[in-house]
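Only one structure is covered here, and it is reproduced in the block below.
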Amino acid sequence: MPLSDQSKSYLSELIRLNKKDLIAIGYEKLSVTGTAAGLASVPTDAKYALVVVESTIASGMAIRYLEYGAAPTTSDGIGRSNLDAFDIHGKPNMINFKAIQTGAGIHTLHIQYYK
């Protein structure tokens with residue numbers, strides 16, 4: 001279910017408040033393909049990651065992901081679309097994170113790590 005503009009605004013405010021005491025410590029760019037892949041450059045002291053989806057598919061679901069170690073599929077997992085932003089809390093979730101594309105197009109995740 002897509003978020004309303006009000007929900008997106010509220011989510012953006014929560015992310016801003018959540019980052020108040022965090023310090024950026026790294027960045028990673030991950031190409032999401034038809035094979036489930038995880039994050040490769042999680043810093044040792046990372047506690048939080050902000051992830052933004054960039055896709056050539058302007059509407060509809062671009063990727064799916066899971067944070068508990070299982071591999072998502074093109075039809076199962078948490079779906080995200082172009083320019084969606086989401087967070088990953090806790091290093092274990094970052095290490096277990098895996099994403100896969102849901103269809104055609106070029107899909108990139110931009111990940112900013114914080115401690």
Side-chain angles (χ1 to χ4, degrees):
M1 172 188 322
L3 293 173
S4 68
D5 287 340
Q6 183 178 5
S7 293
K8 287 180 183 178
S9 176
Y10 181 68
L11 180 60
S12 295
E13 181 65 11
L14 285 175
I15 290 171
R16 186 188 67 74
L17 290 172
N18 190 35
K19 289 172 47 179
K20 179 180 174 190
D21 295 322
L22 297 174
I23 298 168
I25 57 170
Y27 170 80
E28 179 176 351
K29 184 176 175 179
L30 175 67
S31 295
V32 181
T33 66
T35 302
L39 303 174
S41 302
V42 179
T44 304
D45 49 354
K47 296 180 183 176
Y48 170 85
L50 175 63
V51 183
V52 177
V53 179
E54 187 176 337
S55 175
T56 57
I57 306 301
S59 64
M61 199 172 315
I63 68 153
R64 288 188 183 272
Y65 74 92
L66 292 171
E67 294 181 8
Y68 71 98
T73 68
T74 58
S75 60
D76 191 29
I78 300 168
R80 296 294 179 171
S81 301
N82 184 43
L83 300 180
D84 279 354
F86 61 96
D87 57 334
I88 305 172
H89 287 273
K91 187 161 183 184
N93 292 332
M94 290 178 225
I95 291 169
N96 290 327
F97 177 90
K98 291 184 180 139
I100 191 169
Q101 71 181 27
T102 59
I106 298 170
H107 317 288
T108 305
L109 299 182
H110 297 273
I111 305 104
Q112 179 75 55
Y113 295 104
Y114 296 85
K115 68 174 183 175

Note to self: Strictly distance-based, threshold 3.5 Å: is any side-chain N or O of K98 a donor or acceptor partner for the main-chain N or O of G69?
What the structure shows: yes
Margin query: Determine whether a donor-acceptor pair (N or O, by modelled atom type, separation under 3.5 Å) exists between the side chain of N93 and the backbone of G90.
Written below: no
Next item on the list: Please round to the nearest 0.5 Å and tell me the distance separating atom CG of L30 and atom CZ of F97.
Entry: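 With rounding to 0.5 Å, CG (L30) is 7.0 Å from CZ (F97).
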Margin query: As an exercise, state the distance from OG1 of T74 to CD1 of I100, rounded to the nearest 0.5 Å.
Written below: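 Interatomic distance, T74 OG1 to I100 CD1, rounded to 0.5 Å: 6.0 Å.
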Next item on the list: Show which residues join L66 in its hydrophobic cluster (side-chain heavy-atom contacts under 4.5 Å, direct or indirect), or state none.
Entry: Y68
For residues 102-110, run the donor-acceptor check on the side chains, cut-off 3.5 Å, and write out each pair with its distance to 0.1 Å, sequence neighbours left out.
{"unit_1": "T102", "atom_1": "OG1", "unit_2": "M61", "atom_2": "O", "d": "2.8"}
{"unit_1": "T102", "atom_1": "OG1", "unit_2": "A62", "atom_2": "O", "d": "3.2"}
{"unit_1": "H107", "atom_1": "ND1", "unit_2": "S55", "atom_2": "OG", "d": "2.8"}
{"unit_1": "H107", "atom_1": "NE2", "unit_2": "A104", "atom_2": "O", "d": "3.2"}
{"unit_1": "H110", "atom_1": "ND1", "unit_2": "Y27", "atom_2": "OH", "d": "2.5"}
{"unit_1": "H110", "atom_1": "NE2", "unit_2": "E54", "atom_2": "OE1", "d": "2.7"}

Checklist line | Y114 and its side-chain contact (heavy atoms from CB on, under 4.5 Å) partner, picked from I25, D21, L22 | finding: L22
Margin query: Taking L83 as the starting point, is it possible to reach V53 by hopping between hydrophobic residues whose side chains are less than 4.5 Å apart?
Written below: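 In one cluster: no.
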Check: Which residues satisfy the salt bridge (charged side-chain N to carboxylate O under 4.0 Å, His left out) test with D76, sequence neighbours excluded?
Finding: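 Checked D76 against salt bridge (charged side-chain N to carboxylate O under 4.0 Å, His left out); zero matches.
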Enumerate, atom names and distances included, each donor-acceptor pair closer than 3.5 Å involving a side-chain atom of residues 31-42, sequence neighbours excluded.
{"unit_1": "T33", "atom_1": "OG1", "unit_2": "T35", "atom_2": "N", "d": "3.3"}

Notebook entry, point to check: Does Y113 have any ring pair (Phe, Tyr, Trp, His ring centres under 6.0 Å) partners at least two apart in sequence or in another chain, and if so, which?
Noted result: none
Checklist line | Exercise: identify the closest heavy-atom pair between V51 and I88 | finding: CG2-CD1, 3.9 Å
Check: Where do L50 and A85 come nearest, in terms of heavy atoms and distance?
Finding: CD1-CB, 4.4 Å
Item checked: Within 6.0 angstrom of K47 NZ, more than 12 heavy atoms from elsewhere -> no
Note to self: Suppose the criterion is salt bridge (charged side-chain N to carboxylate O under 4.0 Å, His left out): which pairs have a residue in residues 55-65, not counting sequence neighbours?
What the structure shows: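 Sorted result for residues 55-65: empty, none.
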